[in-house]
Amino acid sequence: MAAAALRWARGSAWRWGQRCYVAAGGQDGEVQKAQQAAEAREGPGRCPPTIFSKIIDRTLRADILHEDDKCLAFRDVAPQAPVHFLVIPKRPIPRLSHVATGDAELLGHLLLVASQTAKVEGLVDGYRVVINDGKQGAQSVYHLHLHVLGGRQLGWPPG
């Protein structure tokens, strides 16, 4: 069964437990980017600086929407919706699965900033918050980040 041949058909009945398939590589090759990023991190001591750490230290420009002492929100350079921005902690946390109990306040702050920024961006009719985790979650940048997408009707199920 070729993955490219298996696609979700609009309007078809979906039952709990039924799987949806998308062409290998995903949107804009994000799945391949995620696999490459995961492989680059394998092995002891392999934590190269990320694109987000370069945005935080201002060696790379970004369209910043919000900044405080804990986090940064900025527009995604490859938007997947009319409004698509990211919220990242300034302290590098590689993955959601690597957070600790002590990170609870920071995680809540990231969601609060996502909500406030969404309002400023005019997303009054709703939006989606996505966190990709690890290789199978298609995480292509190993610095925790929340995608906030809106400005159009989003489909379901995702991915």
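In this chain, residues are counted from 1 in sequence order.
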Exercise for the section: Determine, stepwise, if the pair Y142 / F52 fulfils ring pair (Phe, Tyr, Trp, His ring centres under 6.0 Å). Expected result: CA-CA 9 Å; Y142 280 79; F52 296 157; over 10 Å; no
Practice task
Return yes if some donor-acceptor pair links the side-chain N/O of E121 with the main-chain N/O of L123 below 3.5 Å, else return no.
Solution key: no
Exercise for the section: For T117 and V113, indicate whether the former's side chain and the latter's backbone hold a donor-acceptor pair under 3.5 Å. Expected result: yes
Handout entry: Close side-chain approach of L72 to V87, heavy-atom, < 4.5 Å
Key =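 No; the side chains remain at least 4.5 Å from each other.
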Handout entry: L106 and V99, any side-chain heavy atoms less than 4.5 Å apart
Key = no
Within one Ile-Leu-Val-Met-Phe-Trp-Tyr cluster: [X] and [Y], side-chain cutoff 4.5 Å:
X: V83; Y: V130; answer: no
X: L111; Y: L86; answer: no
X: L144; Y: V129; answer: yes
X: L110; Y: I131; answer: yes
X: F85; Y: I88; answer: no

Problem - For D76, all residues meeting side chain to side chain donor-acceptor pair (under 3.5 Å), sequence neighbours excluded - result: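 Partners of D76 by the side chain to side chain donor-acceptor pair (under 3.5 Å) criterion, ordered by chain and then number, come out as H84.
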Practice task
Please list, chain by chain and in numerical order, all residues satisfying side chain to side chain donor-acceptor pair (under 3.5 Å) with S97, sequence neighbours excluded.
Solution key: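 With sequence neighbours excluded, S97 shows a side chain to side chain donor-acceptor pair (under 3.5 Å) to R95, D133, given in chain and number order.
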Problem - Within residues 110-137 or reaching into it, pairs that qualify as ring pair (Phe, Tyr, Trp, His ring centres under 6.0 Å) - sequence neighbours excluded - result: none
Can you give each donor-acceptor pair under 3.5 Å made by side-chain atoms of residues 58-66, sequence neighbours left out, with the distance rounded to 0.1 Å?
{"unit_1": "R58", "atom_1": "NH1", "unit_2": "I56", "atom_2": "O", "d": "3.3"}
{"unit_1": "R58", "atom_1": "NH2", "unit_2": "E67", "atom_2": "OE1", "d": "2.4"}
{"unit_1": "R58", "atom_1": "NH2", "unit_2": "E67", "atom_2": "OE2", "d": "3.4"}
{"unit_1": "T59", "atom_1": "OG1", "unit_2": "K54", "atom_2": "O", "d": "3.3"}
{"unit_1": "T59", "atom_1": "OG1", "unit_2": "D57", "atom_2": "OD1", "d": "2.7"}
{"unit_1": "D63", "atom_1": "OD2", "unit_2": "R75", "atom_2": "NE", "d": "2.9"}
{"unit_1": "H66", "atom_1": "NE2", "unit_2": "D68", "atom_2": "OD2", "d": "2.9"}

Expected list for residues 148-155: side-chain donor-acceptor pairs under 3.5 angstrom, two or more places apart:
{"unit_1": "R152", "atom_1": "NH2", "unit_2": "Q80", "atom_2": "O", "d": "2.8"}

Handout entry: Partner set under salt bridge (Lys or Arg N to Asp or Glu O under 4.0 Å) for D103, not counting sequence neighbours
Key =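 Scan of D103 (salt bridge (Lys or Arg N to Asp or Glu O under 4.0 Å), adjacent residues dropped) gives R91.
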Exercise for the section: For residues R128 and P158, report the shortest heavy-atom separation together with the two atoms involved. Expected result: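 Minimum heavy-atom separation between R128 and P158: NH1-CB, 4.0 Å.
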Practice task
Please round to the nearest 0.5 Å and tell me the distance separating atom CG of L112 and atom SG of C71.
Solution key: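 One gets 9.0 Å once the value is rounded to the nearest 0.5 Å.
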Practice task
Determine whether the aromatic ring centres of H145 and H143 lie less than 6.0 Å apart.
Solution key: no
